[in-house]
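To find a chain, count down the sequence lines: A is the first, B the second, and so on, and within it residues start at 1.
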2 protein chains.
Amino acid sequence: MALSDAILVCLTERPMSGYDLAKYFDTSIGFFWHATHPQIYRELKKLGQRGHVVSDEEIQSGKPNRIVYCVTDAGRQALLEWSRKPVAPAVIKDDLLVRLQAIEHIDKRALRQQITARLAAHREQLAQYHHIRDVRFSDGEPEPGDLGKLMGLELGMEYENGWINWCKNALARLEPAGD
Amino acid sequence: MALSDAILVCLTERPMSGYDLAKYFDTSIGFFWHATHPQIYRELKKLGQRGHVVSDEEIQSGKPNRIVYCVTDAGRQALLEWSRKPVAPAVIKDDLLVRLQAIEHIDKRALRQQITARLAAHREQLAQYHHIRDVRFSDGEPEPGDLGKLMGLELGMEYENGWINWCKNALARLEPAGD
DNA sequence: TTCGTCATGTAACCGGTTACATGATTAT
DNA sequence: ATAATCATGTAACCGGTTACATGACGAA
């Protein structure tokens, strides 16, 4: 149920095509809710049937036509109602943590490599968040509409920092062992 | 594919029935990989077909019989191979963060309530992690087999602390506005 | 007597992933 | 030539959730 709402959230920003949405889900909102293009096209169809979005075809020559979607008043209402429902608690679902539970039955060298790779990935993600913040929210007080996005970025940074700390600690603990 | 491995991880700890596993997934390993009982029974069947587990029925009177599963050598081998494959990166998937992206189109009072509820939930989870650490890993150096579990708990604590910080910060930012 | 626990499972559904499919344009 | 980008979608599959189903025991 939440993917349709995530799409509505994107479309309040500006009208977008399925293709645009798929790219958007690879960058901004996708940091907190991932979606692939088959999901998006499927969901747009349902949203249209419910009357939460309307589509408008932009004729293009050479390229395929763009079908641009726009939130309706009913869609805006649905968004408001969704925002009042209690949120599902965030759940960790992590392969690496599962492996740790069986530390004596797995390949420890591989584990160290994987933690090292994770550390690099989290550092990169943190750098990306910093970059986005610097180019989009450089000046003092953000506009009210941007506040939420800035807060999202900050959560992302908090999250990545937590992982970075943990990875460094974990490697320090695992390195000394001669295995 | 990872649920079957998570089950194997549990069964390296000790032989368990489907029911036991379902409870186990509600507490220890479930902090990092959730599973419901229909999933578990389904997966145990597949694991049996692959020869990664063997089952043994404990006859009980009054209660239904327990079907206890045990990892085979092939299962242990599968676990080792799984541990060498690169890990899927941890993905955030969070309703609350999605709502933040549309902060001007949602019910802000509800948002504050939800962040307050989150803060409480994360504090509770942190307390639970502390409790588990204190009763299970109170003494100085943990046994090698427990090291991974302790590290898992520490990641959990890092994670919850990050959220707690963020929630406090977010409330401070949202409270002052008269709505 | 009603609820919770022990213990097994199935069925239907929904959501997410991967692969398939098309076809023109532009850059290397 | 080859690959990437623009732009739409479908089909098959797999994984996860919810509800259904049974039935005995013990505690409030």
Side-chain angles (χ1 to χ4, degrees), chain A residues 1-8 10 15-27 29-30 32-50 53 55-69 82 85 88-95 98, chain B residues 1-8 10 15-27 29-30 32-50 53 55-69 82 85 88-95 98:
Chain A
M1 275 288 133
L3 175 58
S4 62
D5 298 298
I7 290 174
L8 288 176
C10 297
M16 281 191 247
S17 70
Y19 187 80
D20 294 337
L21 281 164
K23 279 199 302 180
Y24 202 69
F25 268 94
D26 277 341
T27 56
I29 202 178
F32 314 118
W33 197 280
H34 181 257
T36 57
H37 85 269
Q39 267 180 289
I40 290 166
Y41 285 114
R42 223 207 247 146
E43 207 63 39
L44 281 170
K45 206 191 282 179
K46 285 188 208 164
L47 280 166
Q49 283 163 4
R50 274 182 232 146
V53 298
S55 59
D56 190 32
E57 196 164 358
E58 272 180 23
I59 281 88
Q60 304 192 133
S61 54
K63 300 175 196 176
N65 295 338
R66 279 165 54 79
I67 299 166
V68 177
Y69 293 85
W82 165 70
K85 287 194 297 188
V91 182
I92 306 177
K93 191 165 200 189
D94 198 320
D95 224 325
V98 174
Chain B
M1 274 292 136
L3 175 59
S4 61
D5 298 299
I7 290 174
L8 288 177
C10 297
M16 281 191 246
S17 69
Y19 187 82
D20 293 336
L21 281 164
K23 279 199 300 180
Y24 202 69
F25 268 93
D26 278 339
T27 55
I29 201 177
F32 314 118
W33 197 281
H34 181 255
T36 58
H37 86 268
Q39 267 179 290
I40 290 165
Y41 284 116
R42 225 207 247 147
E43 208 63 40
L44 281 171
K45 206 191 280 177
K46 286 188 207 163
L47 280 166
Q49 283 162 5
R50 272 184 233 145
V53 298
S55 59
D56 190 33
E57 195 163 359
E58 272 180 23
I59 282 87
Q60 303 191 134
S61 53
K63 300 175 196 177
N65 295 339
R66 279 166 54 80
I67 299 166
V68 178
Y69 293 86
W82 164 71
K85 286 195 296 187
V91 183
I92 306 178
K93 192 166 200 188
D94 198 321
D95 226 326
V98 174

Q. Which residues satisfy the salt bridge (Lys or Arg N to Asp or Glu O under 4.0 Å) test with A/Asp94, sequence neighbours excluded?
A. A/Arg118
Q: Could you tell me which residues satisfy side-chain contact (heavy atoms from CB on, under 4.5 Å) with B/Lys23, sequence neighbours excluded, listed by chain and number?
A: B/Tyr19
Q | Contact check, side chains of B/Ile7 and B/Leu44, non-hydrogen atoms, under 4.5 Å | A | yes
Q: List the atom of A/Trp33, the atom of A/Phe25, and the distance in Å for their closest heavy-atom pair.
A: O-CD2, 3.2 Å
Q.
Let me confirm one number: the OH-CG distance from B/Tyr69 to B/Leu8, rounded to the nearest 0.5 Å.
A. 13.0 Å
Q) For the helix from C/dT1-D/dA28 to C/dT28-D/dA1, what is the angle between the axes at its two ends, each from 5 pairs, rounded to 10°? A) 40°
Q: Apply side chain to side chain contact (heavy atoms under 4.5 Å, CB included) to the pair B/Lys46 and B/Ser4, showing each step before the final yes or no.
A: CA-CA 8 Å; B/Lys46 286 188 207 163; B/Ser4 61; over 6 Å; no
Q: Would you mind telling me which residue lines up with the more 5' stretch of DNA chain C, A/Arg42 or B/Pro38, judged by nearest nucleotide?
A: B/Pro38
Q: Could I get the full list of salt bridge (Lys or Arg N to Asp or Glu O under 4.0 Å) partners for A/Glu58, not counting sequence neighbours?
A: A/Arg66
Q) Can you name the closest pair of heavy atoms from A/Ile40 and A/Gly18 and give their distance? A) CG2-O, 4.0 Å
Q | Those residues of residues 15-25 of chain A lying under 4.0 Å from DNA chain C by at least one heavy atom | A | none
Q: Please tell me if the side chains of A/Ile67 and A/Ser17 come closer than 4.5 Å, counting only heavy atoms from C-beta onward.
A: no
Q | Position toward the 5' end of DNA chain C (nearest nucleotide), B/Lys93 or B/Tyr41 | A | B/Tyr41
(Q) Taking any atom closer than 4.0 angstrom to a non-hydrogen atom of chain B, what span of DNA chain D does the protein reach, first nucleotide to last? (A) D/dG15 to D/dA24
Q) So do the side chains of A/Val98 and B/Trp82 get within less than 4.5 Å of each other, counting heavy atoms only? A) yes
